[in-house]
Structure formats: structure tokens, C-alpha cells
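Reviewing the structure listed below.
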Amino acid sequence: MRLSAAFLLALLSGPALGQPAETARIVGMIERVDGPTLTIGQRQGGDATVTLSDKVQVFGVMKAGIDDIKPGTFIGVGATPQGDGSQLAIQVTIFAESQRGLGEGHRPWNRPNTTMTNATVESMVTGVSGREVRVTYKGGEQRIIIPPDAIILAYAPGDRSELKPGAHVAINNAAKRPDGSFEAARVNVGRDVVPQ
């Protein structure tokens with residue numbers, strides 16, 4: 001009985017088994033590249049050291065336009081909810097085909113009083129306030145108004161050669177290591193834009 005109690009106490013006092021690693025979002029400019037390790041000067045905060053996984057995925061982020069959004073396209077929309085139940089787009093990101101289904105759904109975004117919807121475009125019409133898009137995802141749908149001043153970006157497959165000093169990058173879900181550095185399996189790199 002004593003052995004069991006001691007074992008239980010050790011389990012409770014240590015980190016939980018199977019607990020996911022702490023992650024962070026890293027946004028900034030690459031200052032140095034040393035093999036698979038990037039030193040990134042973050043927009044907010046100091047430098048971050050990020051080691052790329054062996055199978056890191058690199059995606060270029062570039063400007064796009066309203067005509068690039070078509071039925072069947074998988075998009076991510078950061079928006080402000082409207083009184084009529086629609087969502088007024090702040091930023092629209094067109095995903096590469098290999099990213100279809102990524103983060104699918106509707107949830108709060110990382111800005112106050114906003115939403116993020118990752119979904120497939122079903123239909124589009126032009127209205128007084130801008131282009132109106134109906135998107136669907138598992139379990140729901142949203143009506144999105146894309147005004148003329150909305151930021152529209154697109155992802156395209158990239159490669160590690162784009163990760164060089166001076167490149168602007170954004171890394172979601174960088175896994176934090178015990179020494180304070182990070183590991184990343186995916187990097188978004190700006191192509192004439194600064195990824196957010």
C-alpha cells in the first residue's frame with residue numbers, strides 16, 4: 001500500500017503523462033540560419049531559436065485578389081460578426097490544395113470580438129457591401145461579406161531555400177523545448193508580404 005501511495009504521489013507531482021508540449025506563435029524576420037536552426041528576431045520580444053524538423057513544410061504567403069476566391073476554394077477568414085448573423089471579413093487566406101481541411105470550423109480569432117472560419121466556398125454573389133460568400137464546414141456554414149478593403153492572401157507550396165536572412169516568417173504551434181528554444185514542422189514565409 002505504501003509503495004502504491006508513493007508511486008501515485010510521484011505521478012501527481014511530475015508532469016502529466018501524454019500532456020501536449022507547450023507551443024508558441026513566432027512572427028518576425030530571420031536573422032541567421034545555421035543548418036536546420038533559424039534565429040528569428042520577433043516583432044514582439046527578443047530573438048527566438050527555432051530548429052526545423054526533418055520534414056518541415058514551407059509555404060509561401062503572397063498577395064491575392066477577390067477573383068482568386070472561387071467556389072470549391074478552401075479559405076480561412078478572420079472577421080467581425082455582424083448584427084444580421086453574417087461575418088465581415090478583415091482578412092481572407094486562400095489555402096493551398098495540400099492544406100485543405102486545415103483547422104476546419106468556426107471559432108474565436110486571436111483579436112477581440114472576432115471570429116475565424118476555415119471552410120470551403122460554396123457560392124458567391126456581388127452585393128452593395130462587397131462580395132458575399134457562403135462557406136461550409138463540418139457541422140455548419142457562414143455567410144461572409146468581403147469588403148473592398150479586406151486583406152486577401154494566398155498560400156503556395158514553398159521550400160527551405162526561401163528561409164534565409166531577411167525573410168519574414170510566421171510559425172504557428174512551434175513546440176517549446178526545455179532549454180527555451182523551439183522546434184517547427186511548418187513555416188510560412190512572406191513573398192512580398194509580411195505574414196501575420
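Just so you know, residue 1 is the first one in the sequence shown, and it goes up from there.
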Heavy-atom pair with the smallest gap, counting every atom of [X] and [Y]:
| X | Y | value |
| --- | --- | --- |
| Pro195 | Val27 | O-CG1, 3.7 Å |
| Lys70 | Val121 | O-CB, 3.5 Å |
| Ala156 | Arg191 | CB-NH1, 3.8 Å |
| Val193 | Leu153 | CG1-CD2, 4.2 Å |
| Ile171 | Ala184 | CG2-CB, 3.7 Å |

- Task: Report the C-alpha separation of Leu163 and Val33 in whole Å, then their side-chain angles, then the decisive distance to 0.1 Å, and conclude whether the side chain to side chain contact (heavy atoms under 4.5 Å, CB included) test is met.
- Result: CA-CA 8 Å; Leu163 304 179; Val33 178; 5.6 Å; no

- Query: Does the side chain of Thr117 pick up a donor-acceptor pair with the side chain of Gln142 at under 3.5 Å?
  - Reply: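 Their side chains do not contain a donor-acceptor pair, so the 3.5 Å distance test is not met.
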
Is there a side-chain contact between [X] and [Y] (heavy atoms, below 4.5 Å)?
| X | Y | value |
| --- | --- | --- |
| Met124 | Ile69 | yes |
| Val169 | Val50 | no |
| Ile144 | Val92 | no |
| Arg160 | Val187 | no |
| Ile26 | Gln42 | yes |
| Asn188 | Asn172 | yes |
| Val77 | Val135 | no |
| Phe182 | Thr51 | no |

For [X], does the [atom1] atom have more than 12 heavy-atom neighbours from other residues, nucleotides or ligands under 6.0 Å away?
| X | atom1 | answer |
| --- | --- | --- |
| Asp149 | CG | yes |
| Asp192 | CG | no |
| Arg32 | CZ | no |
| Asn113 | CG | no |

To the nearest 0.5 Å, how far apart are [atom1] in [X] and [atom2] in [Y]?
| X | Y | atom1 | atom2 | answer |
| --- | --- | --- | --- | --- |
| His168 | Arg43 | NE2 | CZ | 8.0 Å |
| Leu88 | Thr114 | CG | OG1 | 11.5 Å |
| Arg100 | Thr73 | CZ | OG1 | 7.5 Å |
| Trp109 | Thr115 | CH2 | OG1 | 9.0 Å |
| Asn173 | Arg186 | CG | CZ | 9.0 Å |
| Gln87 | Met116 | CD | CE | 11.0 Å |

- Message: Is there a side chain to side chain contact (heavy atoms under 4.5 Å, CB included) between Ser98 and Phe59? Walk through the geometry before answering.
- Response: CA-CA 10 Å; Ser98 63; Phe59 286 93; 3.7 Å; yes

- Test item: Glu31 side-chain N/O and Met29 main-chain N/O as donor-acceptor pair under 3.5 Å: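 The answer is no, because no donor-acceptor pair under 3.5 Å joins these two groups.
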
- Please check if the side chain of Asn118 supplies one atom and the backbone of Leu102 the other of a donor-acceptor pair under 3.5 Å.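 Yes, Asn118 side chain to Leu102 backbone: donor-acceptor pair under 3.5 Å.
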
- Message: One thing to verify: whether Asp68 and Lys63 come together as a salt bridge, which I'm taking to mean a side-chain N less than 4.0 angstrom from a carboxylate O.
- Response: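 So Lys63 does not pair with Asp68 through a salt bridge.
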
- Parallel, tilted or perpendicular, as decided by the 30° and 60° cut-offs, for the rings of His106 and Tyr137: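 Rings of Tyr137 and His106: parallel, under 30°.
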
- Task: Report yes or no: do Phe74 and Ile152 belong to one cluster of Ile/Leu/Val/Met/Phe/Trp/Tyr joined by side chain heavy-atom distances under 4.5 Å?
- Result: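 They do not share one cluster, since no chain of ILVMFWY contacts under 4.5 Å joins Phe74 to Ile152.
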
- Message: Count I, L, V, M, F, W, Y as connected when their side-chain heavy atoms are under 4.5 Å apart, and connections chain through other members. Are Ile66 and Ile94 then in the same cluster?
- Response: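 Yes; Ile94 is reachable from Ile66 via cluster members.
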
